[in-house]
Structures are given as structure tokens and as C-alpha cells.
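All chains are named by letter (A, B, ...) in the order of the sequence lines, taking the proteins before the strands, and each is independently numbered beginning at 1.
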Number of protein chains: 2
Amino acid sequence: MVTIYDIAAELGLSTSTVSRSLNNSNDVNKKTQKRVLDASCKMGYTSNLLASGLRNRRSNTIGVIIPRLNSAFMSGAIAGIENIINQAGYNLVISQSLENVGREVSCTESMLSNRVAGLIVSLAGDIGSSDHFESFEKHGVPVVFFDRVYDNEKYLNIQIDNFKAAYTITDHLAKQGCREIIHITANRLHTVYQHRVNGYLRALENNGIAFNEKMLIKCDLSDAAGKTVAKQILSMGSRPDGIFSANDVCAIGCMTELKKSGISIPKDIAVAGFNDDPDCCLIEPNLTTIGYDAFGMGELSARVMLEQLSDSFAIPARYSVFMPYHVIIRESTKKEKIGLLQFNAI
Amino acid sequence: MVTIYDIAAELGLSTSTVSRSLNNSNDVNKKTQKRVLDASCKMGYTSNLLASGLRNRRSNTIGVIIPRLNSAFMSGAIAGIENIINQAGYNLVISQSLENVGREVSCTESMLSNRVAGLIVSLAGDIGSSDHFESFEKHGVPVVFFDRVYDNEKYLNIQIDNFKAAYTITDHLAKQGCREIIHITANRLHTVYQHRVNGYLRALENNGIAFNEKMLIKCDLSDAAGKTVAKQILSMGSRPDGIFSANDVCAIGCMTELKKSGISIPKDIAVAGFNDDPDCCLIEPNLTTIGYDAFGMGELSARVMLEQLSDSFAIPARYSVFMPYHVIIRESTKKEKIGLLQFNAI
DNA sequence: TTGTATGCGTTATCAC
DNA sequence: GTGATAACGCATACAA
């Protein structure tokens, strides 16, 4: 491969001048620079980022660790991150923790070995220690968390207010006349889900709905789990009239199965999800849900990262950013009787 | 950061011995190795892959370039690739070309700069020159294409037989009694789509169905495009009784819109897609489609890559692998009259 | 089995 | 504005 030595030899210059030209330094004659750039082009020069990274003691790569790459939310967030990061001249390394803390740890080790300039993370499902992020902090490598974050102010967190969102959507169900609203949540209570549970509970309380443990169903929030939950619900003594699932996938699995068994939605049971997956508008009736801007969240995470990267001497910021979210009300929670009530109320 | 110098100094050894120990070389005393490993652990050593890569003249990273990260197919394929690649001790860099050849080119440049050990690619939408892959070949960096490949035997291609698959599903539509089957394809005819068109045409021919240009509709295969196509179809003089879309997303968009306008599927129009997205089982009626193993295709691509990587002195292989596919017949193409015919035939 | 010495390609410091 | 030189951390050819 062509190196700066080759270019230097070709033009009778030193490698320093070539390097300066290539890096668009001010300390170089513009004409010389042009000669170098032309030659590098002609000779097919490709910069060696490994050498450059070694010399600079860090690569020009930003690492991303996410639980999984298989949701509209995640691919949207990645697209947002990539958009900002690439513009800034960085590359992206993406790794999946597969919802597994062990894998997350080895991902961080690999990122460390690759001397990433920064790390953007959405945490694996379990709540675990954050030890594996400490070496980054120790070596001045900024870490930004998004969506699934640690529940403390020690880190840079980009998220939505899950408590409020869950509160609002549960409250909506109650206002639609639901009196027995169950909540489907993750079996491993990551803070994200814990906050949603809390919001749900508060909404029940404020609407004078009594809560008992049977109303909280834990599963892995998959489509299959949703179907299983539906069967559970069908066999319940007193059947709920509202379901709030902590994600859309599970809500949709559940709905599909309920429909199969002749349950009418929202008449018999109103259903709400979380995330605003595209599938919400595919299932019939369309699914009420919480929507938030995945692409924007990715972009913001990346921007915060770049900010950290630029003033490396500044005290590392420690704060949480809450992104906006909105409740998207669709047919799956529009109970007809309520429609009438609302009509009368006008 | 701790380096092998630090470990060497700590133990009174040379860096070569430390390096050998860390790399599990045979030329080192097992006891010495253990001392080194213990010390490296205690001291919190993290190998510097930039230095190692510079020395070895290539990184331990495999690059992946794909059009977009937003489909079940792609995330499945990526998961498959990652599964194999990680086991082999490599890392993955993923980049999206966003269906744009220009971006694809800059992705390859960045991969080259990062001195990736190999490159796995699914091509951007357009047919373009393959010049940007030549430098890899020139420098002995293996390139494996999957799904969207160049239409020649010059490269390593992992794909399905799109001609046959399209033939089979079109033939199925014809056998269900459809006499005017339209085909929705991409407006930029990548080979993948060209082959599907060809299979479609052959099936028409073999079923004695006349073809005219109006039966071939070109669009970007998005959900929105599907809806637009539906409106086109509704305004056609002679309405088709069968639709074969080159992907599911578009088929589903189209179906949704047709249903809204009171078209009964499959009675009025039978619809078939391609890919077996999970949404095929969400839309009603469920969508007939072509299914193939995304995860397996990813794994195979990665395996072929590793094979190339291992015998670097072998002549680079040049061949195409065709993965199995299967036609998945669901309600969207089961015309009732045919059901009766089949019943009578028993 | 271990150590010495060198180079991978780049950038930064210093001198001119 | 340019050049000589050293150093980044590691791996290997060669010597011992």
C-alpha cells in the first residue's frame, strides 16, 4: 500500500510536510499542499488509521453497544447516530449485547482494545454493575447512555420520561372507562421498565383503581410472550378491561391472540403499547402507544458525544436529557361508550 | 494505559516474551506464560489493537456494508454474521450505504483506511461499477457479497435463486386462477430485482398469460409506494386479479390500501410478496411470500469470509452459493374457487 | 525458552 | 514553511 513515505519520495519532500498537507494543517504552503494532494490521489494513497490511531493514542471510531439490532426503534437510533458521527469524520463500530450483561462486558473490552474515541450505549436487559464502564471514564473516553440508562446522575443519559409516559397512557385507559387495567412488563426490571411500572401504579392510584399483584404480568415482552399472556388473561376469573404493555411487540402478540379468541378490541378489552412501532398501524384495530423520536434520540446522543470529545479538558458533564414523547391514541383504546360520553359532554 | 512494556518491567522479562505469552505462542514456557497472564490481569492490561494491527498490516476487524439496517432480513443477516465473526475473534464494523452508491464508495474507503481484514457487502440499490472493490482484491482483502450481489462470477456471492423463486410464486398465482398478474418491482433494477422480473415473465409465458408493459410497475418498494400503486391499480381499466410484489413491505402497503377501498383479498385480487417479514403474519389476510433464512445467509457469508481469511495463499475463490428458499402460501393467495377445485379434485 | 533489535505508518516536537 | 527525528505499542526475525 502507498504510504506518506512514497508520496514524500515521489515529490522530494519530507513525510512531515506530506502529513501536514494531508491533515490540512496551516503550517504548509498551499501550493505544496496541492502538489501533495494531487500526488496522493494519483498514487492511490489510503491513510492508515491504525498508524494514525496508534500515534494519537486513540482511534477515530465511536463504539455503539445496544441490546439488539432488530427493532424499528434501534435501527432508527443507529441511523441518527451514524448521521451525526459520520459528518464529524468518525466511524462507527456497532456491537450487540444480546440483552446479556456478560456479552456487554466483552463488548466493552473489545471497544477498549480498539481504543474507541467514545462509547454510546443502550444497556443490556438486566440491571447490573457499571464497573465495565469505569475504565473508559478513567481514561477520559466519554460514555453516553441512551434509552436504557443507569438510574443515577453519574452518567450522561439521553432518555424519555418513562414514568410520565406510562402514567399518561394508563390514565388515558382509565379515562376511557377501564377499571381493571393490567400491565405487562419485562421480567427483569431494567430501570426503564421499573419507571413505567411506577407510572402505571401512580395512575391507577390517582384514578381510584385498586392494585393487586395479579395485575402486573412479567414476561420477555416478545410476540410469543404476548400470545401467552393473552391465554393467561382469558383464563382469569375477572377479566381485565384494559391492557398496557411495556412495548408494542408484546401488545400486538397479545392482541392477535385475544382477537382469535373472539375478544373485541377495544370494546371488551382496550390495549395500549409503547414505542410506536410501524406495526401499530398494521394491526387492526390500530394500536394506541407512546411515540418518541428514535432518530432524534440517536442524533442527540451523538451530539452530546461530540461535545464531550471536543472539550476534552472540560469536566465531564453529568446530566440527563429527557426527550419529548407523545401519546398516540388509536382505535385500540377508543371505547365506543366513551366516545358517546365524550359526545354528550360537548 | 498499561502496555506490554509495563508487564515486562514488572516481571523482569522482555516484551517479546510477554507478547508471546499474550498471544498463546508455543515458544514460551507455560509457567512464564501463566505469570504474564496473571500480571496482565492484575495490572488491568488491555491489548492495543491499533498497534497490533499496524504491526500485522491489518486489523482484526471485518467490515460490513449494507444498504440499510431497518429490515428484519438485514438485522437477521447481521446477527448471523456477528455470531460467526465474533466466535472467530474478529470485530465487526457496520456501515449503511443508504442505497446510495456514492456513500457506498466512501464506506469502502473508510474500510480501507481502517485496514479491515475482510469485507462483507450487500450492494446499494443501483447497478454501478465495481471499481471501488478492486483495491481490496488488489491488496488481498477478501470481499464476500450477499443477497444483493454483482451479476457475475468474478466475486464470491451468497444469494438465493431469485429467478426461480419469482417464477414459482408467479406460477402459484397463475395456478390459483389469476389471469392478469402484475408485478411491482424496484425502479432501479438491481440484478436481484431483474432476476425476479425475469422469473415472473417466464412464469407468465409458461402459463399462457400475455404480458404488456403496464403489468410491470416500478417504484421504491416502500410502504408508501405500495399505497400509491394500489391507487394506480384501482384506476386501471381492466383490474388485475393478482399482484406479485418484489418485497413484503410494498405488498403490505398495497394490500392495506386496497382493503380500504373495499377490495377483497384474495377473492378480488390475490397478493404475494417476497422476504417473509414478520408482518406477513400480522396483515389480514396473511401474506403469501418467499421465505429464506436471513440469519443463515449471514452466517454463511461470514463462514466463507473466514475461509478466505484462513488460506490467504490460496487462489481467491470465485463462486456463487445459492441458499435454499421456500414459498410460503398463506391466505392472501388462496382463492376460494380454487379451494373448491382442489376439493373436487380429491 | 528467552532476549535484542527493528519496523509497521503516522504525527508531533524541535530545529532550521 | 520545511525537514529530521522520535515515539506510539506491538510482533517477529534473529541471536543467544
Dump every N/O contact between nucleotides 14-16 of chain C and the protein below 3.5 Å, one line per pair.
none

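Remark: A:N24 CG to A:L37 CG distance equals 8.0 Å, nearest 0.5 Å. Taking CG of A:N48 as the start and OG1 of A:T3 as the end, the distance is 9.5 Å to the nearest 0.5 Å. Rounding to the nearest 0.5 Å gives a distance of 11.5 Å between CZ of B:F295 and CD1 of B:I78. Here the straight-line distance linking atom CD1 of A:I85 with atom CG of A:L92 works out to 6.5 Å at 0.5 Å rounding.
The CG atom of A:D6 sits 9 Å away from the P atom of C:dT10 (whole-angstrom rounding). Between the CG atom of A:L11 and the P atom of D:dG1 there is a distance of 18 Å, given to the nearest Å. The CG atom of A:D27 sits 11 Å away from the P atom of C:dT13 (whole-angstrom rounding). One atom, CD1 of B:I4, and another, C1' of C:dA5, lie 13 Å apart when rounded to the nearest Å. Taking atom CZ of residue A:R115 and atom P of nucleotide C:dT11, one finds them 18 Å apart after rounding to whole Å. Atom P of nucleotide C:dT6 and atom CZ of B:R55 are separated by 13 Å, given to the nearest angstrom. Taking atom CD1 of residue B:I7 and atom P of nucleotide C:dG3, one finds them 14 Å apart after rounding to whole Å. Rounded to whole Å, the distance from OH on B:Y5 to P on C:dT4 is 12 Å.
Proximity of a side-chain donor or acceptor of B:R103 to a complementary backbone N or O of B:Q96 within less than 3.5 Å is detected. Distance alone, capped at 3.5 Å, is enough to place a donor-acceptor pair between the B:N157 side chain and the B:Y150 backbone.
Within 4.0 Å (heavy atoms only), B:L22 reaches no atom of the nucleic acid at all. Among the protein residues, B:T3 comes within range of the sugar-phosphate backbone only, with heavy atoms under 4.0 Å from sugar or phosphate atoms but none that close to a base. A:N56 comes within contact range of the sugar-phosphate backbone alone, with a heavy-atom separation under 4.0 Å but no base atom that close.
Residue B:R57 places at least one side-chain N or O closer than 4.0 Å to OP1 or OP2 of C:dG9. A sub-4.0 Å separation between OP1 or OP2 of D:dG3 and a side-chain N or O of A:T17 is present.
Using a 4.0 Å cut-off on heavy atoms, the residues of residues 28-53 of chain B that approach DNA chain C are B:V28, B:N29, B:T32, listed by number.
In this model, a side-chain donor or acceptor of A:S16 finds a partner on the base of D:dA4 within 3.5 Å.
No more than 12 heavy atoms of other residues, nucleotides or ligands lie within 6.0 Å of NZ in B:K138, so this atom counts as exposed by the packing criterion. The environment of NZ in B:K30 is crowded: more than 12 heavy-atom neighbours from other residues, nucleotides or ligands sit within 6.0 Å.
In this structure, A:F133 and A:Y155 have perpendicular ring planes: the angle between them is above 60°, well past the 30° mark.
In terms of position along DNA chain C, the nucleotide closest to B:G12 lies nearer the 5' end than the nucleotide closest to the other residue of the pair B:L54 and B:G12.
Using a 4.0 Å cut-off between charged nitrogen and carboxylate oxygen, B:E307 and B:R303 do not count as a salt-bridge pair.
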